[in-house]
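Positions are given from 1 along the sequence.
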Amino acid sequence: MPHLTALPLLYLPHHPLPSLPHPSKAMSHHGHFTPCNQEEESANPSLTPPMPIALSSDELPPAPEQNPRSIVVAHKLPLKAIPDEGSPFGFAFSLTGEAHAMQLSHGLRPGPVLFVGTLPPEAASLEPSDELDDYLLANYSCIPVFLTAAVHEEFYVGFCKRYLWPRLHYLLPHTPVAMRGIHFDTDMYRSYVSANKSFADRIIEVLSPDNGDLVFVHDYHLWLVPSRLRRGCPRSCVAFFLHSPFPSAEVFRSIPVREELLRALLNADLVGFHTYDYARHFLSACSRLLGLPNSSRYGRIGVNYHGRTVLIKVLAVGVDMGLLRSAMASPEAAAKFREITKEYKGRTIMVGVDDIDILKGVSLKLMAMETLLDAYPEMRGKVVLIQIHNPARYSGLDVDGVRDETEKIQSRINERFGSPGYQPVVVIERAVPMAEKVAYYAAAKCCVVSAVRDGLNRIPYFYTVCREEGPTVNGAGGEPRTSTVVLSEFVGCSPSLSGALRVNPWNLPAMADAMYNALTMDNQEKHAKHIKHYNYLTQHDVIAWARSFAAELHLACKDRPTMKTIGMGIGATYRVVAVDAAFKKLMPELVNPAYRAAGSRLILLDYDGTLQPAGSFDNAPRDNVIVVLNKLCSDPNNVVFIVSGRSKDELSRWFAPCANLGIAAEHGYFIRWSRDAPWETKGSTLASAMEWKLAAENVMRHYAEATDGSYIEAKETGMVWRYEDADPRLAALQAKELLDHLAAVLTSEPVAVRSGYQIVEVIPQGVSKAIAAERIVSAMTERRGSAPGFILGVGDDRSDEDMFGALANLCKDSKGGKDDSFSTTITISLPAAQVFACTVGNKPSMARYYLNDEEEVVGMLRGLAISPPPAASTPPLPVEFE
């Protein structure tokens with residue numbers, strides 16, 4: 001029988017999993033069973049989704065009818081393994097409540113919980129087998145991930161600990177010597193990718209998203225798992241929580257695979273961070289490196305990534321109150337507490353508990369203790385700092401260096417200020433059980449955390465709870481319990497402990513003064529700070545964290561049942577695009593028959609981003625574009641227009657070879673029907689309508705000078721401030737300010753101030769591609785005596801969305817009503833027309849169809865120009881519009 005450790009108040013997942021396939025079928029190492037439904041994915045390299053999911057309410061979505069199964073994924077399984085020849089597979093396994101994966105799963109009950117991770121180090125030599133899988137699954141709800149010793153060494157010790165962990169904690173190699181141990185190694189990264197793939201493959205073997213499974217991936221070791229899961233199960237619900245800091249964009253961009261790492265996190269539905277600073281750095285990296293903006297609504301932050309809104313959650317992990325209370329109630333804790341109070345009777349204890357690494361600032365803590373004893377002689381012989389070192393998670397020169405430095409400083413302080421029976425610094429170098437740690441916490445009047453960079457660091461949390469509920473002489477006889485915390489401002493838990501004495505650990509005199517103030521603070525203030533911290537911790541424990549994180553994942557995935565996904569990219573850059581079920585690619589079999597069947601046709605084409613790649617060095621049209629346009633214009637049944645925001649002079653020069661091509665320039669203010677036709681304008685004469693341009697230019701010039709990389713583009717009818725080459729964070733702020741500034745200055749002028757993709761523009765009122773399209777349709781109807789029976793509109797940006805909406809309105813009959821957003825004074829109905837609104841690129845759109853890029857647009861137009869007429873029996877297609 002398996003050995004289950006008795007943990008009071010800790011629920012152990014010792015039960016069968018009702019929605020799990022039989023283990024022998026689910027996890028065969030010879031033939032994997034994959035319950036994921038992958039029918040929704042199609043192999044299109046790019047796509048434009050209609051709209052992101054809406055962050056429409058601050059209320060959580062209704063709970064599912066049955067409790068969903070949660071799959072908790074971490075580097076290691078929450079198992080202990082003790083060699084035992086009498087136990088199955090030679091090890092006595094037991095679940096451990098000290099593992100983070102176990103603690104973070106408590107709030108996911110009462111639904112079943114499945115754990116995925118590597119075996120404990122003691123059992124890592126076990127060979128993979130279906131029998132071992134069945135045993136661990138049936139008895140401990142665990143699925144092991146098997147990595148070879150070489151892959152695990154390069155994955156964990158090599159890439160995770162020696163490269164990625166230092167970078168996340170702001171360590172940069174500045175010289176070749178400094179690069180020792182933390183340079184980017186391609187082979188180690190391959191092992192990292194391979195290990196993450198192994199984790200994802202094991203998850204996919206048992207994942208069933210259609211049954212509501214939720215996947216929770218923890219920490220930077222498994223950074224790439226969301227991408228692998230998204231490829232294998234596009235509709236899976238995935239949350240990722242980063243338990244380490246996320247560095248500033250300036251530091252993160254130094255990682256050679258930075259974009260792959262960002263895209264991997266964006267393949268999750270929910271990404272969690274301990275503090276807003278970490279979340280802010282992630283959002284900044286997404287903006288600077290991927291050009292992705294973020295938005296906030298109803299208190300939630302989201303990043304739109306290919307039609308999916310990836311929610312960003314700031315949520316500090318709490319403590320496992322059940323585990324702590326179990327340890328505090330143990331006889332071992334009481335005995336150790338009595339031993340400590342007896343040994344240090346008459347002296348005040350300060351405690352520190354740290355891992356042995358270069359960022360915990362242990363040497364700074366000891367030097368601050370030395371400064372305290374120097375500056376305040378009355379503290380000598382009265383105060384003791386007990387420093388507990390957790391066992392190192394890996395070996396190396398940096399670990400040995402921290403240990404040697406600590407020993408030297410400890411020896412120096414004890415030689416200077418020690419005396420018979422008194423050592424001011426006591427360092428404990430061994431694995432200290434939780435029952436002993438809670439005794440040290442309870443006995444200490446002050447906890448000191450001096451890390452120079454750290455993730456959450458829950459040591460002050462443990463200390464505060466133990467001071468309130470642990471075996472302590474403080475509080476006897478009705479006296480209030482107290483605690484004080486000296487806390488580095490570079491630690492993730494600093495924002496949540498507002499009563500702590502925050503310090504810069506590099507400022508030794510200031511840290512020494514904080515220690516002195518903590519020791520000499522009056523009991524009333526100590527108690528007030530202590531109660532404030534304790535109340536926060538009891539309300540935000542690990543169960544509350546898990547419930548809140550799971551509820552947010554439900555919200556992020558609420559539209560998953562109706563969502564269609566399409567795969568894009570390869571390797572670590574793989575992602576899926578979420579689209580509406582009715583959204584589809586504009587295939588020849590859809591548009592060609594309708595084109596040939598119509599007696600009168602209208603084709604409206606945007607230019608930049610539609611016929612010509614946006615941001616090209618040479619913006620003139622390519623020869624193949626000219627050839628296709630001339631072919632279309634040669635058909636007397638066709639009216640073809642370029643509808644662009646560019647100036648009429650540019651468009652006239654570029655399309656001079658196209659004699660019969662119509663042009664609507666500057667969003668339709670200028671319109672001509674052919675090369676030799678005169679320009680028509682909307683409204684009054686240009687001179688009287690443009691008196692506001694000087695004022696707009698003066699305002700824009702100020703922002704152009706203040707925003708490096710931005711510039712002004714002057715048109716006949718408007719002014720444009722462009723910032724595509726400027727710093728994205730600064731430019732976005734400046735654009736908002738400019739928008740408001742222009743609106744205030746031009747409030748009495750007949751103009752519209754609008755923001756677009758990396759632009760702010762001022763144009764005359766009543767000018768848009770929507771109105772231009774309506775004018776063209778109306779004039780075409782008058783000139784030819786009948787409305788067009790076929791309309792094709794293709795574009796790629798926000799101004800084209802107006803055109804799509806206007807065309808849809810024109811084709812609605814009186815029963816269907818109109819969309820007031822696009823209504824104008826023109827009243828015309830095209831009930832017989834077949835409208836094909838097509839967008840280009842990857843973004844939400846009102847269009848019903850999409851094409852991937854400019855090449856596909858030109859190919860589609862070429863197909864129309866040369867497509868043979870359909871058979872006479874071909875029935876007409878229904879009207880298609882959004």
Side-chain angles (χ1 to χ4, degrees), residues 332-333 335-357 360-392 399-433 435-451 459-460 462-463 466-467 470-474 483-486 488 503 505 508-509 511-520:
E332 295 83 359
K336 187 63 180 179
F337 177 77
R338 289 192 296 269
E339 177 187 326
I340 295 171
T341 53
K342 180 179 180 181
E343 181 177 357
Y344 297 100
K345 184 177 182 180
R347 294 192 172 98
T348 300
I349 298 174
M350 294 191 296
V351 68
V353 179
D354 297 282
D355 295 338
I356 303 178
D357 66 53
K360 296 304 182 189
V362 176
S363 60
L364 297 176
K365 185 188 305 183
L366 299 189
M367 287 189 287
M369 178 67 176
E370 184 177 26
T371 304
L372 171 70
L373 298 177
D374 263 330
Y376 302 96
E378 66 273 20
M379 289 292 173
R380 300 172 189 174
K382 297 180 180 179
V383 61
V384 176
L385 173 62
I386 300 178
Q387 176 64 34
I388 301 174
H389 282 168
N390 295 323
V399 173
D400 296 337
V402 170
R403 187 178 285 112
D404 292 344
E405 184 179 29
T406 300
E407 290 177 357
K408 291 179 182 178
I409 299 175
Q410 176 194 9
S411 299
R412 185 178 73 228
I413 295 174
N414 288 340
E415 287 177 4
R416 289 188 60 195
F417 304 106
S419 60
Y422 171 66
Q423 285 189 328
V425 177
V426 177
V427 177
I428 301 176
E429 283 275 5
R430 61 179 175 84
V432 180
E436 291 189 23
K437 283 183 181 177
V438 298
Y440 281 106
Y441 291 142
K445 289 190 176 181
C446 177
C447 175
V448 183
V449 178
S450 56
I459 298 303
F462 299 148
Y463 164 74
C466 290
R467 287 290 291 177
T472 174
V473 294
N474 185 28
S483 65
T484 53
V485 179
V486 175
S488 167
V503 296
L508 297 181
M511 187 153 58
D513 290 341
M515 291 179 177
Y516 180 80
N517 292 335
L519 297 173
T520 59

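Residues satisfying the ring-ring contact (aromatic ring centres under 6.0 Å, His included) criterion with Y376, sequence neighbours excluded, are Y516. Applying the side chain to side chain contact (heavy atoms under 4.5 Å, CB included) rule to T371 yields the partners L508, A512; only residues at least two apart in sequence or on another chain are considered. The side-chain hydrogen bond (donor to acceptor under 3.5 Å, both in side chains) check on D374 picks up R416, with sequence neighbours excluded. Every residue two or more places apart in sequence or in another chain that forms a side chain to side chain contact (heavy atoms under 4.5 Å, CB included) with E429 is listed here: I356, H389, R403, V427. For D513, there are no salt bridge (charged side-chain N to carboxylate O under 4.0 Å, His left out) partners two or more places apart in sequence or in a different chain. E407 meets the side-chain hydrogen bond (donor to acceptor under 3.5 Å, both in side chains) test with no other residue; sequence neighbours excluded. By the side chain to side chain contact (heavy atoms under 4.5 Å, CB included) test, P433 pairs with R430, E436, sequence neighbours left out. In terms of the salt bridge (charged side-chain N to carboxylate O under 4.0 Å, His left out) criterion, K437 has no residue partners (sequence neighbours excluded). Residues passing the salt bridge (charged side-chain N to carboxylate O under 4.0 Å, His left out) test with K336, sequence neighbours excluded: E339. By the side-chain hydrogen bond (donor to acceptor under 3.5 Å, both in side chains) test, R338 pairs with no residue at all, sequence neighbours left out.
Note on residues 418-427: no pairs pass side chain to side chain donor-acceptor pair (under 3.5 Å), not counting sequence neighbours.
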Pair up each side-chain donor or acceptor in residues 346-354 with any protein partner under 3.5 Å, not counting sequence neighbours, and list the distances.
| from | atom 1 | to | atom 2 | distance (Å) |
| --- | --- | --- | --- | --- |
| R347 | NE | G381 | O | 3.0 |
| D354 | OD2 | K365 | NZ | 2.7 |
| D354 | OD2 | Q387 | NE2 | 2.8 |

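Shortest non-hydrogen contact noted between P471 and A442 is O-CB, 3.7 Å.
Using a 4.5 Å heavy-atom threshold, the side chains of V383 and P424 count as separate.
Atom-to-atom distance recorded for M379:CE and L373:CG is 9.5 Å, nearest 0.5 angstrom.
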